[in-house]
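Below, read A as the first sequence line, B as the second, and so on, with proteins coming before strands; counting in each chain starts at 1.
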Amino acid sequence: MRVSLPWWAGLWCFWMLLQGSPSLGSALLGVLVAWLIARWLAPEASGGARLRVLPLLRLLGRVAWDIVASNLAMISMVLLRSNRLRPRWVEVSLDLPDDPRRVVLAAIVSLTPGTLSVDLDAESRCLLVHALDCGDEDALASTIKSRYESLLLEVFA
Amino acid sequence: MTEAVLPFVTLAYLVAMGLCGLRLLSGPQAEDRVLALDTLYIMALALIAVLSIGSGHPINFEGVLAIAMVGFVGTIAAARFLTRSRGANDAGLD
Amino acid sequence: MSVELMLAAAIAVLVACALYCLMRGRLFDVIVGITLLSYGVNLFLFAMGRPAANRAPIVPAHGSVVPAEYVDPLPQALVLTAIVIGFAMTGLMVALVIKRVQSKGEG
Amino acid sequence: MTLLLIALLPWCVALVASRLRSGEIAFWLAFACCVTLVATLGAIAPGVWAGGAMRISAEWLPGLGAAATLRLDALAWLFAMLVAAIGALVMLYARYYLAGDRQLPRFFALMCGFMGAMLGVVLAGDLILLALCWELTSVASFLLIAFNAPERGALRGARAALTVTGLGGVALIAAVLMLGRAAGSFDLAEVLASGAAVRADPRYPWILACFLIAVFSKSAQFPFQFWLARAMAAPTPVSAYLHSATLVKAGIFLLLRFYPVLAGSEAWFFTVSAVGAVTLLLGGVAAVFQHDLKGLLAYSTVSHLGLITLLIGFSADTAIVAAVFHVINHATFKASLFMAAGIVDHECGTRDLRKVNGLWRFMPLTGSLAIVAAAAMAGVPLLNGFLSKEMFFDESLALEGHDPIALLAPLAALVAGAAGVAYSSRFVHDVFFNGEPVGLTRTPHEPPLWMAVPVGILVAICLLVGLMPEPVVGVALAAAARAALGGALPAYSLAVWHGFNLPLAMSTFALVAGVAVYAAHGRGRRLHRRPTPVAIGYEAFECLLLALARCGQTLTRQLRGDHMRLQMAALALVAVVAAGVPLLLGPVAVTLPAISAGAVSGGEIIWLVGAVFALGAVSGKVRPVTVLLFLGAVGLSVSMAFAALSAPDLALTQLFVEVATVLLLMLALERMPVEPLRQRSLGAHIRYIALALAGGGGCGWLAWEAMQRKPTTISDFHLLHAVDGAGGTNAVNVIIVDFRGFDTLGEVTVLAAAALIVWSFLARERSGAITRFRGSFMLPLAVRVLMPSAALVAVHLYLRGHNLPGGGFVAGLLLAIGLVLEALALGSWRSPHAKPVRWLAGGLGLALATSGASLAFGFPFLTSTFGHPVLPLLGELPLASAAAFDLGVLAVVVGATLMLILAFAFGREERSG
Amino acid sequence: MPLQHLVIAPIALPLLAATLCLAAPRASRAISLCSALATLAVSVFLVATAASGDALVYLLGNWRAPFGIALLSDRLGAWAVLATAWVLCGVLLFSIGAGRDKGAYFHPLYQVLWMGVNGAFLTADVFNLFVFFEVMLVGSYGIALQGAGMAEARATLRYVAINLAGSALFLIAAGLLYGVCGTLSMADLALRLPALQGADRALALSGAGLLAVVFLLKAAALPLSAWLPQTYGGVSPASAASFTLLTKLGAYGMLRVVSLWGGTLFDANWIAVVMACGAGTVLLAGAGALASLSLARVAAWGVLGSSGLLLIVFCSGSPQALAGGLFYLPPSAMCASALFLVADLHRRNRLADGKLWLLIAAVGVAGLPPLAPFLAKLQALDGLFAAPDLHGLAWLILAASLLTLTGLARVALRLAGAGGEPANKVEHLALAWLCGGALAMSTLAAPIQRYTAVAASELAAPQAYIRQVLDAVPVGGR
Amino acid sequence: MPAWIDALVAGLLVVGAFAALVGAWGLVKLPEFMMRLHAPTKASTLGAGCALAALTLRFAGVEGVGSLRYLIPLIFVFITAPVSAHMLARAWRARNPVKIEAGSGGSSGKS
Ligand code: NA
Ligand code: NA
């Protein structure tokens, strides 16, 4: 089995982060450990998809901001008008071509407060989302598509 | 300043945990309880982090890491059980 | 509220609950009881090590050590052993209960 | 040497015979053995008669102060001769009686074994050896009675015999042990010499009681007489041997043997003579009414044994002579009678006196022999029985002093004498005359010659002794009696004719009365129409056994069934008492907690949360899955408590174990339908709650009190020497892998074994596929990321464990949980953990190898070493051999956890949706 | 390598064998047998060394005694280890002959059981004793579940549950002793316990009391006996045959505790209670044997009876009775094991030519001559009869043995006509090994009684034990 | 430790504690399961995130860049939290079937 290079590198970074105080010894050890684990446990590199850094950072930033912002929104919702919420089930049809990206999108949807991805229909490629407080289902769906799906398509070009 | 807020922060997390415990006790459905337990784990994680700040030794950091990595396993298992059993063998109780 | 009082209270509650479960006579409750009992007993062992906050028994690599500045590490080591053995026994017990319940269903 | 030969030869023959296939060879061996014994005994006879006791001794039981001593004096010689000589005749007889039986080798082996045991009793020169051989005779007789085993009568007879003689054995053991203490030695010679001391000992009544129980049970004295009648289920040669000449005489032998030690007290006189008299009468009367030929003989044996006992009970020197004489006489005529009865049984196919009639026509030879023997039994003059019975009458008349007995004894003797004549008459008349046989399946005829020869020999002895007693047995009798008395012989005369005297009158009266009684009762077969008499005592015995068995059943039924909760309650109760009593009675001043209004320092409230959920888990109103969730919450709070109270290692371990446990229980719950709680009475409820509260409260109190104590602990050493002694700063880990690494080795063994058990136990289910968590589209991807990270963190935790929180346990648990999760989420078996047993083997091997490596350097098992080599580029590298041990621990934990959890994960596929 | 190191062998060898069996399952039979023989040889060596007067102390990890874990092979420990080796060798042989070892992981689990028993007999550390109890128990669970029928599972479930509760008690006891005395070494505890005063002493007594409860549970003494007949009668007889020594562990533990701490910690009432438990057990065993209808059940009650007897004599305070008890321990286990094995033969309908073994084993269990249990019991009874206040116990033992005899006779007679196949050579060899062991012990009674007498006197004066453990010097003087 | 870092740490702690409190409150207060599912998964992410960030900052002065490792748990929380929420929602739906009208993007159904 070939060792997947991105995994190796990623694990090595993780190792270095974990060590706290970086030293040459731990770096070399990390190479070995990461190689072994990547060889043993990491899935094989899926050919084709390449990670693009800039869109990734943009995506991360946007998600982080949304998490904070909608958390605040959430706080107000829970505290101030918990009796007047409008929960809705929303189906979002996805354009993402492969499962990993759909999963990432679903995760982002879940992480941003107010929405929760519940199911992914394998055939119709629809993401079933539950929204805590939603006036307009279509608006929510399009927000999700525009804010995250497009960027995701860019990240894994 | 940190020292000043720490007791209150700790108390806040404890109260939050207490609320989670309340939900865990009251249910009404098993899913609610699982959710409460899951949240309890996250709260515990945060609380340990806060206590580490207070003590000045992040000696329990690995505990934090552990909760973050495996805390959800119980939730997964319970959710799986609930999905599969659909309460068939113990209907009527929650 | 002292650490000792809380520990003693927790041990009392855990052991009492465990005993009640064990004496209830249902196989499932025996598993629950044994689990609770092992929590209680582990806390009991742990309590024997003059527990206190912020005195983890991790000594400096160099320099002198004053034992009184640390909690007693030995009970912790014992609890560790007890935890692992308890886990193994729980698994065993559960397997047996499953077999027993299945046999009831068949016969 | 001769003694050794006598004692061991039968055993050797028994051993050889038991391995033989051919009954013929076995017979010749057994017969040769008996003949050799007779010859040997004959050869040493003059010396023994002259008063020279032979003795050999070897060291055997120094702890008891007992030795393997054999001792042969004239009394022992007499009994040994009886055993050997009658043994030879019985063997000869049995060869034809049991001809064709497939079990013949076993029979002869058992007979020889019995003979060995019996000779052991007779020759034992040490009380312990005596008791041992005594028990062996019980065992051997049990086996011989049970020879026809599946047959119902044999089973019951053997069991009754074993129980009664077993009781006797137990009593003898007690008697012997106390006697040995009282006499100061177990050596027979010393005991015999210390009679006065024994009789003065405060334990004497106990000794006597136990001793007499032993003797009476063996010799079928009242109230133990019933077993002998039951023992008639044995093959007739066995009855002829054991139940006339040898086994039942063991008790008599013991009475004679210990006569100098134990006799001479009022207790002895009254007990022995009373029991003897009762037995004498009981046996005599019962014998008349038996319908079974062997039953008649059995009760007559009981009666005669009673006679001998009564004689010994008289405690007069001449009575002892009479007793010894009657032992000889009874053995000869009773053995021949049993053999004759066996011939009848053999030829007629039944021994029911109501069917067997008028055999004189078919077998005149057997008839004439039997009639002579029966006459001897009845005490007809010119036969040996007459002589000893005459002496008995004489003794009963000579009794002085003890008023009631002195008056009653002659009367009893007379009645018993008459009864003896009556049953002897019945034996003769009812078998050989009294009309025609009834319903016999075959026509009887004379037996083979060699079957009659032993009877003939014995009858000839009866005649010879009866005609000229002094030349035939005089010397042996005198020597034996002298040995039994342990001193000088009294004046007595062995003569056929003593002139017209009172005993002769009594004899005559008994003869006439006996014949008259039989004639009156038996006229016109009136006796035949009487119902079979109940075996006196046997029913009571059966009832007693049954009651005891019932009692046992009731007792054990309390322990049976689904009463696990009772067992738990018993354990809890005992523990509460054991721990509580010292606290409550001891000077424990209750230290009340000083409640200060200090700031909330953290985890303390968590414990309350834990306590609440522990209570919740106990509630019977929630469903099982909820109980498991509550358990998870309790576990979490315990883990938090550890984290808050300076136990980071514990917190980590508890957390991982908690997760693994919840995972395991959730997987298992699917297959474990939980029955609803049974309703229990309020009282039971309250009892259990009270017990639980006592147990819990007690534990809490113990913990509280113990936490007030601050003893100097051995762990100070561990803290002080963690770095310089073991090369690690994390004292907990250092203890686990170094100071107390042996505990850890045992612990991983437990883990591995438990995993193996569960894995193999649920193997049937494992044939299916692993049930994966299907339907979740997010989980697989998350796990793909998590799993390698978990492995990396595990490596990290393992590597730092010696110095900081972490170590092999937690690393292994984390890795295993990751692997389990992966297996469940992806449903795949990766090659490395497809065979988790290899993890176990590898881990245990590594731990063992690390532990054992120090042996090569001359250091004890588990000795560790460490160093800080400075390497180029890498700098100082902390290395400890204990780390390799920890790696082994890690591997075992991984393998075991995988097996423990995954064993429950196989089964049906998940329903989709 | 100094011979000292052989002390670890009875523990390390079985573990090594278990590991090798896991690694090479095909060769597990050979590995297991080799290990069994090696362990037997080492056990003989340990007894020989102990008999020559040198108790071997082994400091694990080369740490001085109260700080690390020490093993001690004194006369008592070595004797028990040898008894274990003898019985387990025989049962292993039988299992191989009967093909019972084909079950999953039989050999590794059997070796684990062996390791646990040996460890428990050799260790001089309270917590380590707990660990080895667990090792022994887990091995016994594995052996009990061999064949894993429903009946076995049911019987084992109770056994596991009650033992788990017992383990919890053990932990509390060990914790309490540590909390009050600050040490775990039995020898060190023996030094520290007398120094305790007042409330400390009461607490220590509580801890020791809990420990005693654990031992009573393991010995299946009266209020806690229910599990034994259920378990031993419920699992396959061949499994039960390997358990006959496990109850002896309880009595052994009690003996060690009473010997080491008894003089200073326990008063006469305490001892009397334990002896009363033993007496009740003996009587119960007799009643049970009388009431039972199968050979395996009678054997189980026999095991219970011998366990009660040992409790009585070990606590009696009479050196003579104690020596008798030590003499009694191995042959009673051998005979009970043999009886279980015969029951196994009967259950598989292979008793055609095994009646001799039935006879010998039954005679041994009933305490009849010529097997060694008879002599040992005699010695024990002699000791009891020597003390005026112990007469009652002697009578009780005698009465119970009569009940056992009667029950055994009934059951054995039922088997008298049993036929079926003949057993194979290996099975005969195994039975001959066990029965022969008991027989050989009665012919070798003289040296054995000398050995046990010295062992008893050692136990009566534990200072030697304490000094030996605490004064042992690590290699290189660490 | 510079004062601004101290202030920042305190601020983060307060925000996190507040978020956690609100999340727990929502867990208790919200009327039905699917709504309750939102509250803690969100609020607790912020609660945990802030606490960990505070930890990182607090020890940045001592450990420098190394204290970034205290953010690692956050990554795992972000990976696992959506998964558990999803699994729970799925389990709940299995027992409480919800009808969702067909059509992309705009259908709704109140449960
Ligand atoms: Na007739
Ligand atoms: Na070491």
Side-chain angles (χ1 to χ4, degrees), chain D residues 59-64 132 135-136 139 149-150 155 159 162-163 166-167 170 177 548-549 552-553 555-556 559 564 567 570-571 574-575 578-579 582-583 586-588 705-706 709 711-714 717 739 741-743 746 749-750 753-754 756-757 760 837 840-841 844-845 859-863, chain E residues 5 8 16 19 22-23 59-63 66-69 104-105 112 128 131 134-135 138 142 158 162 165 169 176 179-183 198-199 202-203 205-206 209-210 213 223 226 287-288 290-291 323 368-369 379 381-382 385 398 402 405-406 409 413 416-417 445-446 449-450 453 475:
Chain D
E59 190 197 21
W60 182 39
L61 295 170
L64 269 168
L132 188 146
E135 294 278 36
L136 279 179
V139 174
L155 294 186
R159 190 165 169 228
L162 184 66
T163 308
L167 171 69
V170 161
L177 288 175
L548 279 174
Q553 266 162 5
L555 260 178
T556 52
L559 302 171
M564 195 181 330
Q567 295 182 27
L571 182 58
V574 172
L583 278 192
V588 180
E705 290 292 340
R709 268 83 201 161
T712 51
T713 61
I714 53 173
F717 178 89
F739 289 113
F742 201 48
D743 278 346
T749 309
V750 171
L756 283 177
I757 295 170
S760 65
V837 178
L840 296 186
L844 283 176
F859 285 97
F861 197 72
L862 270 168
T863 308
Chain E
H5 291 301
I8 191 69
L16 181 65
T19 310
L22 286 182
L59 301 176
L60 285 154
N62 208 21
W63 294 109
F67 309 117
I69 295 169
Y105 308 121
V112 166
N128 198 239
V131 170
E134 293 299 309
V135 173
V138 80
R158 293 225 185 79
I162 196 78
L169 274 185
L176 202 52
V180 179
C181 297
T183 186
L203 269 182
L205 199 52
S206 285
L210 286 176
V213 172
L290 189 62
L368 289 177
Q379 189 181 7
L381 286 172
D382 184 45
F385 271 124
L398 285 171
L402 184 63
L405 175 66
T406 312
L413 278 173
Q449 283 195 329
R450 273 195 293 273
V475 177

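Ranked by non-hydrogen atom pairs under 4.5 Å with chain E, the options D:V750, D:D743, D:T712 are led by D:D743. Interface check for chain E: of the options D:T163, D:L840, D:L132, the most heavy-atom pairs under 4.5 Å are formed by D:L132. Between chain E and the residues D:L548, D:L571, D:L844, D:L162, the largest count of heavy-atom pairs under 4.5 Å involves D:L571. Of the listed residues (D:G166, D:A579, D:G845), the greatest number of heavy-atom pairs within a distance under 4.5 Å of chain E belongs to D:A579. Of the residues considered (D:A754, D:G741, D:A575, D:A706), D:A575 shows the highest number of contacts with chain E, using heavy-atom pairs under 4.5 Å.
Between the CZ atom in D:F742 and the CG atom in E:L60 there is a gap of 5.0 Å [rounded to 0.5 Å]. In this structure, E:L59 CG and D:L862 CG are separated by 12.0 Å, a value rounded to the nearest 0.5 Å.
Remark: D:P711 engages D:R709, D:T713 in a side chain to side chain contact (heavy atoms under 4.5 Å, CB included) (not counting sequence neighbours). In this view, D:F861 satisfies the ring pair (Phe, Tyr, Trp, His ring centres under 6.0 Å) rule with no residue, not counting sequence neighbours.
For chain E, the nearby part of D:V139 is the side chain; its heavy atoms alone come within less than 4.5 Å. Proximity to chain D (any heavy atom under 4.5 Å) is shown, for E:L398, by both the backbone and the side chain.
Between E:Q449 and D:G63, the shortest heavy-atom contact is OE1-N, 2.7 Å. The heavy-atom pair separating E:A291 from D:Q553 by the smallest distance is CB-N, 3.4 Å. D:A578 approaches E:L210 most closely through the heavy-atom pair CB-N, 4.5 Å.
Put simply, the side chain of E:V475 reaches to within 4.5 Å of the side chain of D:P860, judged on heavy atoms.
By the 30° and 60° cut-offs, the orientation of the rings of D:F717 relative to E:W63 is perpendicular.
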